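Below, chains carry the letters A, B, ... as their sequence lines are ordered, and counting in each starts from 1. These values consider heavy atoms only, across backbone and side chains, with no hydrogens, waters or symmetry-generated copies. Keep in mind that what you see is a predicted model, and the values were worked out from it rather than measured.
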Number of protein chains: 2
Amino acid sequence: MQTEEEILKIKKVKNTAVRTVVLRHLLSLEKAQSLKDIENALPYMDRSSIFRTLKTFEENKVIHSIEDGSGMTKYAVCAEGCNCDPKDLHYHFYCTNCDKTFCLFDVPIPNIQLPKNFKLQQANMVVKGLCDNCNR
Amino acid sequence: MQTEEEILKIKKVKNTAVRTVVLRHLLSLEKAQSLKDIENALPYMDRSSIFRTLKTFEENKVIHSIEDGSGMTKYAVCAEGCNCDPKDLHYHFYCTNCDKTFCLFDVPIPNIQLPKNFKLQQANMVVKGLCDNCNR
DNA sequence: TAATCTTTGCAATCGAGTTGCGGTAAATGC
DNA sequence: GCATTTACCGCAACTCGATTGCAAAGATTA
Ligand SMILES: [Mn+2]
Ligand SMILES: [Mn+2]
Ligand SMILES: [Zn+2]
Ligand SMILES: [Zn+2]
């Protein structure tokens with residue numbers, strides 16, 4: 001597992017106090033987080049600073065965003081070597097019971113045969129249902 | 001192609017003036033529409049009436065909603081026989097250039113092998129890129 | 001050091017979505 | 001038919017996640 005500093009260096013994002021704290025926080029969690037989640041977890045940090053940090057991270061492929069339909073965009077740290085290309089696509093799982101969102105890095109995404117002349121750039125694939133913890 | 005009246009009858013939604021107009025409008029278009037899109041197209045109709053109509057339609061499986069990441073939920077008429085079950089799942093294509101969203105009814109969705117004990121209920125699968133018209 | 005560029009904190013704003021409420025229309029009961 | 005109940009509609013106000021303007025603080029460069 002890479003450290004915050006290593007990741008920021010690789011992705012050429014300048015290391016600041018806010019960025020280190022936000023990235024460390026994201027790395028410490030296994031679930032995708034919303035801006036509100038992060039705000040709540042780091043109450044001494046300013047919302048707009050976190051917001052701009054997330055934007056910077058996303059632009060520089062440090063994290064990727066997920067629209068899980070909960071009304072809040074969620075963010076998760078990109079896997080090592082991820083470049084946010086179609087090849088890095090993976091499903092996300094949104095638990096309708098506990099409202100948590102997971103990156104399913106291990107579930108393969110099949111080739112999608114688009115209609116003629118359509119060009120694939122990215123995707124937002126969210127599978128919804130019950131997570132293992134809620135499915136009892 | 002079924003008429004508005006037929007669809008509403010099948011789905012057991014009472015036929016009113018607002019509902020007929022909104023559904024007819026959706027049927028006349030090949031792309032998914034946002035509330036704002038519909039508002040703009042039908043300026044004499046009230047936003048909240050359209051909104052509540054869309055909610056009623058969605059609850060009764062007349063339409064389904066799509067989170068395409070554009071910031072606005074889009075809505076498309078369900079295919080004949082659709083019950084909004086996992087079996088009715090299909091990809092959606094969002095064009096990052098012209099901001100249009102398509103239902104890809106003809107592209108098969110493969111089986112998704114979820115992690116142990118995860119239960120599939122629904123999905124929001126949005127593929128993004130350039131549509132045939134914008135990919136030149 | 002002085003000038004310049006970047007990041008941060010705070011407050012204000014935006015905008016899609018949602019709701020309360022009173023009026024109108026449709027359905028129900030007699 | 002007429003009274004009562006229920007559903008729907010239009011309008012305005014509100015919610016809340018996201019975004020921005022601006023000035024202060026910090027970092028970088030000359
Ligand atoms: Mn992910
Ligand atoms: Mn669709
Ligand atoms: Zn869960
Ligand atoms: Zn297009």
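For A/S48 against C/dC10, a side-chain N or O and a base N or O form a donor-acceptor pair under 3.5 Å. Side-chain N/O atoms of B/T16 and base N/O atoms of D/dC9 include no donor-acceptor pair closer than 3.5 Å.
Nearest nucleotide to the side chain of B/K36, out of D/dC9, D/dT19, C/dA16: C/dA16. Of the listed nucleotides (D/dC8, C/dG17, D/dA18), D/dA18 has the atom at the smallest distance from the side chain of A/L35. Each of D/dA18, C/dT18, C/dT19 was ranked by its minimum atom distance to the side chain of B/R52; first place goes to C/dT19.
In summary, of the residues considered (A/K100, A/K31, A/K128, A/K74), a salt bridge (charged side-chain N to carboxylate O under 4.0 Å, His left out) with A/D68 occurs for A/K74 alone.
Linking Ile, Leu, Val, Met, Phe, Trp and Tyr residues whenever their side-chain heavy atoms come within less than 4.5 Å leaves A/V62 and A/I66 in two separate clusters. Under a hydrophobic-cluster definition in which Ile, Leu, Val, Met, Phe, Trp and Tyr are linked whenever side-chain heavy atoms come within less than 4.5 Å, directly or via other members, B/I7 and B/I63 are assigned to the same cluster.
Nearest-nucleotide positions on DNA chain D place B/T53 closer to the 5' end than the other of A/M72 and B/T53. Taking the nucleotide of DNA chain D with the nearest heavy atom to each of B/A17 and A/K55, the more 5' of the two is matched to B/A17.
Between B/D37 atom CG and C/dG15 atom P the separation is 16 Å, expressed in whole Å. Taking atom CZ of B/F51 as the reference point, atom C1' of D/dC11 lies 15 Å away to the nearest angstrom. A straight line from CG of B/L8 to C1' of C/dA26 spans 16 Å, rounded to a whole angstrom. Between the CG atom of B/N40 and the P atom of C/dG15 there is a distance of 13 Å, given to the nearest Å. A straight line from CZ of B/R19 to P of D/dA7 spans 11 Å, rounded to a whole angstrom. Rounded to an integer number of Å, the gap from B/D46 CG to C/dT19 P is 15 Å. One can place CZ of A/R47 at 13 Å from P of C/dA12, the figure rounded to the nearest angstrom. In this structure, A/L42 places its CG atom 12 Å from P of C/dG9, rounding to the nearest Å.
Two rings, from B/F102 and A/F118, have their centers less than 6.0 Å apart.
Within 4.0 Å (heavy atoms only), A/T73 reaches sugar-phosphate atoms of the nucleic acid but no base atom.
Side-chain contact check for B/T20 versus B/T16: every heavy-atom pair is 4.5 Å or farther apart.
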